[in-house]
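Here the structure comes first, spelled out in structure tokens, and everything after it is commentary.
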Amino acid sequence: MLKHISLCFVSLCFAGCATIAQPAQTSSKEASEKLFQQHAQQAIAKHDYRLLALSSRRLVIAGLEQHDSEQLKTLCGVRFITKSKDVLKTTEDKQTRSKLYEYAAGYNNLLLEACLKVTSTSKASIE
């Protein structure tokens with residue numbers, strides 16, 4: 001599924017870069033938003049609450065930097081985006097990382113909400 005997410009995201013990136021007009025960029029952003037929402041719903045349906053992280057020198061869970069990453073890792077789990085790089089050498093690398101970050105941040109916000117609901121329910125049923 002991660003390969004599918006990466007391929008879809010990369011194809012959206014190239015499709016969005018092909019046009020310059022503002023409405024096209026907006027529709028590309030909307031398409032990207034629909035894509036991460038769809039992927040998040042699929043993950044929730046499979047009870048896979050792992051959050052997306054980017055390769056880095058430290059654990060970076062996109063969009064959730066204000067939370068304790070180790071606690072999130074323990075609570076929900078983490079999986080790394082395979083196309084993310086630790087070292088960014090070119091402008092293209094930086095743009096790709098930015099788009100991957102946007103996608104992962106939106107995805108993670110949806111998954112965190114579901115993860116917290118499930119873990120609070122399971123903790124209540126255990127106690």
Side-chain angles (χ1 to χ4, degrees):
M1 181 169 159
L2 191 54
K3 287 182 182 179
H4 176 67
I5 291 170
S6 297
L7 287 173
C8 289
F9 186 76
V10 170
S11 65
L12 281 173
C13 292
F14 288 118
C17 294
T19 59
I20 297 175
Q22 186 67 24
Q25 289 176 352
T26 304
S27 64
S28 176
K29 192 170 187 169
E30 290 171 359
S32 177
E33 190 173 309
K34 286 181 183 178
L35 185 65
F36 78 69
Q37 288 175 349
Q38 179 186 16
H39 289 159
Q41 289 172 353
Q42 290 172 352
I44 292 167
K46 293 178 183 177
H47 305 287
D48 181 5
Y49 301 105
R50 294 177 295 167
L51 303 170
L52 296 179
L54 301 171
S55 295
S56 179
R57 293 196 167 106
R58 64 178 180 83
L59 180 59
V60 176
I61 302 175
L64 303 175
E65 290 84 356
Q66 70 276 17
H67 298 285
D68 179 9
S69 59
E70 287 302 319
Q71 185 179 13
L72 290 175
K73 182 179 177 182
T74 303
L75 191 62
C76 304
V78 172
R79 60 189 170 128
F80 286 87
I81 298 175
T82 56
K83 299 291 182 185
S84 66
K85 297 179 180 181
D86 186 15
V87 178
L88 307 176
K89 295 181 181 179
T90 66
T91 305
E92 185 179 327
D93 288 345
K94 291 175 185 175
Q95 290 172 342
T96 301
R97 173 114 176 168
S98 177
K99 289 179 182 180
L100 286 172
Y101 180 90
E102 266 185 51
Y103 173 89
Y107 179 92
N108 286 343
N109 282 313
L110 294 174
L111 261 287
L112 179 61
E113 194 175 314
C115 176
L116 292 175
K117 283 181 186 175
V118 169
T119 54
S120 67
T121 303
S122 62
K123 283 182 183 177
S125 65
I126 292 172
E127 297 170 353

Distance check, rounded to the nearest 0.5 Å: [X] atom [atom1] versus [Y] atom [atom2]?
X    : Y    : atom1 : atom2 : value
L54  : I81  : CG    : CD1   : 4.5 Å
Y49  : T119 : OH    : OG1   : 9.5 Å
F80  : L52  : CZ    : CG    : 10.5 Å
N108 : E113 : CG    : CD    : 12.5 Å

(request) Could you go through the side-chain contact (heavy atoms from CB on, under 4.5 Å) check for Y103 and H39 one step at a time? (result) CA-CA 10 Å; Y103 173 89; H39 289 159; 2.5 Å; yes
(request) Could you pull out all residues at least two apart from Q38 that satisfy side chain to side chain contact (heavy atoms under 4.5 Å, CB included)? (result) L35, Q42
(message) Going by side chain to side chain contact (heavy atoms under 4.5 Å, CB included), name the residues that satisfy it together with Q37, two or more places apart in sequence or in a different chain.
(response) E33, L110
Show me, pair by pair, the donor-acceptor contacts under 3.5 angstrom made by side chains of residues 60-72, not counting sequence neighbours?
| from | atom 1 | to | atom 2 | distance (Å) |
| --- | --- | --- | --- | --- |
| E65 | OE1 | G63 | N | 3.3 |
| E65 | OE1 | Y101 | OH | 3.1 |
| E65 | OE2 | Y101 | OH | 2.7 |
| D68 | OD1 | E70 | N | 3.3 |

(message) With heavy-atom distances below 4.5 Å as the criterion, would you say the side chains of D48 and L111 are in contact?
(response)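 With C-beta onward as the side chain, the pair stays apart.
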(request) Taking the side chain as every heavy atom from C-beta outward, state whether V78 and R50 have any pair of such atoms under 4.5 Å apart. (result)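 Sidechains of R50 and V78: no contact.
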